[in-house]
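Structure, as structure tokens:
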There are 2 protein chains.
Amino acid sequence: MTRTARNANRDDTRDLEVVAVESAMRRLGVRWTRQRRLITEVALGNHDHFGAEELLVLCQRRDPRVSRATVYRTLAMLEQAGVVEGLDTGDGGRKFEHVVGHEHHDHMVCRRCGAILEFRDDELERRQEAAAAARGFLIQSHSLKLFGLCRACRERE
Amino acid sequence: MTRTARNANRDDTRDLEVVAVESAMRRLGVRWTRQRRLITEVALGNHDHFGAEELLVLCQRRDPRVSRATVYRTLAMLEQAGVVEGLDTGDGGRKFEHVVGHEHHDHMVCRRCGAILEFRDDELERRQEAAAAARGFLIQSHSLKLFGLCRACRERE
DNA sequence: ATTGATGCAAAAGATTTGCAAACTG
DNA sequence: CAGTTTGCAAATCTTTTGCATCAAT
């Protein structure tokens, strides 16, 4: 498969995701505007962790008719809807990542270089559920972050 | 044991903790000022999770000669020294708890009433270590928060 | 005395909000 | 058209910073 073919496939997948989000939103009775579509497209197209401001810039690059306020408002909406997930980076900031077509995972955050590694451990998830159940707590979401040094930074020490 | 006797004991313990923090700080070469002592006393005396602003108010109630800036600066110092630990509440805010004489634990945060429950699970800790080791990551600290509804709020639904 | 710590008020960074105008269904 | 959503700028909220003054060692 050529590079462009691969990219085309990825674009197609993303388009499908955007359409899925659109119908979900419409079902909720909210209006599907030009800026909501753009913000959703850019958010889903970004396979990294992005900040709100960063997302604003990426959107404005494609269409300057988007405001910061709308990015924040839409991001909150997408988070509510479970399309994106926000995570505190521990330094007062907040980053987002899209969830669609992406199974749940936790994060390791490198304190030196800022790299974010994703990982997943089913047993961890199960024990969290058990701990919550034992206390009558109903988990809606969770956040597990390990802070420390990534392999590269340890070797560079 | 009478109530006052119990309180007296707790106060004594706290005083010892404050003295321990003082010597640790002095060993680090920083000066032990009136405001640092006060802030440390109040922080260690608070067995709940408190915000920076809240701590400021509690301190000023005992002695108005403390400024917001100093509370923030001291809190950062105490966090560095491992005396208190900060945790993002997921809503942009930050809360602290003291660590001295308090074994490590994780948190469940109620999204409705804001209650914070503490819990601990050794197996959870072990699996986090294992997951990190498998990826060459060195954990310095971690944060596990379960967001959802506490028992009381579920029943109130 | 020296040098670090404090208070104040201003600055900064991130996010939210009021409101008139623009747009969607 | 009615009712949402947007853009803008001002307002919030939390935390940080510059700098003259104060105080611990």
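Chain letters run A, B, ... following the sequence lines, proteins first, then strands; residues in each count from 1.
Here A:Glu54 pairs with nothing under the side chain to side chain donor-acceptor pair (under 3.5 Å) rule; sequence neighbours left out. With sequence neighbours left out, the side chain to side chain donor-acceptor pair (under 3.5 Å) criterion links B:Arg135 to no other residue. Not counting sequence neighbours, A:Thr33 has no partner by the side chain to side chain donor-acceptor pair (under 3.5 Å) test.
Two rings, from B:His98 and B:His49, have their centers 6.0 Å or more apart.
The interatomic distance linking B:Arg65 (CZ) with C:dA5 (C1') rounds to 15 Å, in whole Å. The separation between B:Leu38 atom CG and C:dA5 atom P is 17 Å, rounded to whole Å. Distance A:Trp32 CH2 to C:dT24 P: 13 Å, rounded to the nearest Å. Across the protein-nucleic acid pair, B:Arg94 atom CZ and C:dA14 atom C1' stand 15 Å apart, rounded to whole Å. If you take CZ of A:Phe50 and C1' of C:dA14, they are 16 Å apart, rounded to a whole angstrom.
Between B:Arg126 and B:Glu129 there is no salt bridge, since no side-chain N of the basic residue sits under 4.0 Å from a carboxylate O of the acidic one.
Across residues 22-29 of chain A, not one residue has a non-hydrogen atom less than 4.0 Å from an atom of DNA chain D. Looking at residues 68-77 of chain A, you'll see A:Ala69, A:Thr70, A:Arg73 sit with a heavy atom under 4.0 Å from some atom of DNA chain D.
B:Val30 and B:Leu78 fall within the same hydrophobic cluster, where Ile, Leu, Val, Met, Phe, Trp and Tyr residues are linked whenever their side-chain heavy atoms come under 4.5 Å apart, directly or through other members. Hydrophobic clustering, with ILVMFWY side chains joined whenever heavy atoms are under 4.5 angstrom apart, keeps B:Phe147 apart from A:Phe96.
Comparing B:Ala52 and A:Arg36 against DNA chain D, the residue whose closest nucleotide sits nearer the 5' end is A:Arg36. Between B:Pro64 and B:Arg31, the one whose closest nucleotide on DNA chain C sits nearer the 5' end is B:Arg31.
No engagement by B:Glu53 is indicated, since no non-hydrogen atom pair under 4.0 Å with the nucleic acid exists.
Note that the first and last nucleotides of DNA chain D, 5' to 3', having any atom under 4.0 angstrom from a heavy atom of chain B are D:dT14 to D:dT25.
Screening residues 139-148 of chain B for salt bridge (Lys or Arg N to Asp or Glu O under 4.0 Å), with sequence neighbours left out, gives no hits. For the salt bridge (Lys or Arg N to Asp or Glu O under 4.0 Å) condition, the pairs that include at least one residue of residues 71-85 of chain B, sequence neighbours left out, are B:Glu79-B:Arg94. Note on residues 39-51 of chain B: pairs passing salt bridge (Lys or Arg N to Asp or Glu O under 4.0 Å), not counting sequence neighbours, are B:Glu41-B:Arg62. Residue pairs satisfying the salt bridge (Lys or Arg N to Asp or Glu O under 4.0 Å) criterion with at least one member in residues 28-40 of chain A, sequence neighbours excluded, are listed as follows: A:Arg34-A:Asp63.
Think of B:Phe119 as one node in a network of Ile, Leu, Val, Met, Phe, Trp and Tyr side chains linked at under 4.5 Å; its network also takes in A:Met108, A:Leu117, A:Phe119, A:Leu124, A:Phe137, A:Ile139, A:Leu144, A:Leu146, B:Met108, B:Leu117, B:Leu124, B:Phe137, B:Ile139, B:Leu144, B:Leu146.
Rounded to 10°, the helix from C:dA1-D:dT25 to C:dG25-D:dC1 has 40° between the axis fitted to its first five pairs and the one fitted to its last five.
The aromatic rings of B:His142 and B:His104 lie perpendicular to each other, with more than 60° between the two planes, well past the 30° mark.
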